[in-house]
Participant: 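Next up is a structure, given as structure tokens.
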Amino acid sequence: MHPALAVALGLYLLNLAVGLAAQLRLGRFGVWHHVLYFAVSVSALAALVLAREGWLLLSLACLAYFPRARPGSWLHPALGIAGLMGYLLAVGV
């Protein structure tokens with residue numbers, strides 16, 4: 001696995017965990033979730049360019065649509081899972 005892809009996937013998983021913790025009301029992570037969102041977006045784009053994994057386009061499309069999905073709606077976690085699928089397909093799982 002390309003190192004840029006590994007970093008991008010790790011940040012994505014961390015952001016999923018923070019989002020899930022916020023969804024379950026285990027803490028207030030709003031600011032960190034948004035800071036991580038920016039880092040995840042930048043790292044996903046870098047991984048796409050450096051690792052040349054086309055499946056990351058799915059993850060980037062989901063990331064681009066996130067601002068339109070309300071956190072309490074069904075679409076927000078669905079985009080999170082769909083974005084994860086892009087990473088898993090890129091890794092070859």
Participant: How long is the gap from CZ on F38 to CG on L11, to the nearest 0.5 Å?
Facilitator: 12.0 Å
Participant: Could you tell me how the ring of H76 sits relative to the ring of F66: parallel (under 30°), tilted (30 to 60°) or perpendicular (over 60°)?
Facilitator: perpendicular
Participant: In this structure, would L16 and L56 fall into the same cluster of hydrophobic residues linked by side-chain contacts under 4.5 Å?
Facilitator: yes
Participant: If you look at every heavy atom in A4 and A47, which pair is closest and at what distance?
Facilitator: O-CB, 3.7 Å
Participant: How many angstroms lie between CG in L50 and NE2 in H2, if you round to the nearest 0.5 Å?
Facilitator: 5.0 Å
Participant: Over all heavy atoms of both residues, which pair between A82 and L58 is shortest? Give the atoms and the distance, please.
Facilitator: O-CD2, 3.6 Å
Participant: With the 4.5 Å side-chain cut-off for hydrophobic clustering, are V18 and L13 part of the same group?
Facilitator: yes
Participant: Group every Ile, Leu, Val, Met, Phe, Trp and Tyr by side-chain heavy-atom contacts under 4.5 Å, then state whether L14 and L60 land in the same group.
Facilitator: yes
Participant: Shortest non-hydrogen contact from L5 to E53?
Facilitator: CD2-CG, 4.2 Å
Participant: If hydrophobic clusters are built by linking Ile, Leu, Val, Met, Phe, Trp and Tyr wherever their side-chain heavy atoms come under 4.5 Å apart, do W74 and I81 end up in the same one?
Facilitator: yes
Participant: Report yes or no: does S41 contribute a side-chain atom to a donor-acceptor pair with the main-chain N or O of Y37 at less than 3.5 Å?
Facilitator: yes
Participant: Do Y87 and V7 share a hydrophobic cluster (ILVMFWY, side-chain heavy atoms under 4.5 Å, transitive)?
Facilitator: yes
Participant: Taking the side chain as every heavy atom from C-beta outward, state whether L63 and Y12 have any atom pair closer than 4.5 Å.
Facilitator: yes
Participant: Got a second to check how far L45's CG is from L57's CG, nearest 0.5 Å?
Facilitator: 10.0 Å
Participant: Report the C-alpha distance between L75 and Y65 in whole Å, list the side-chain angles of each, state the deciding distance to 0.1 Å, and finish with yes or no for side chain to side chain contact (heavy atoms under 4.5 Å, CB included).
Facilitator: CA-CA 10 Å; L75 186 57; Y65 200 76; 3.5 Å; yes
Participant: Rounded to the nearest 0.5 Å, how far apart are CG of L84 and CG of L88?
Facilitator: 4.5 Å
Participant: I need the S43 OG to L48 CG distance, nearest 0.5 Å.
Facilitator: 11.5 Å
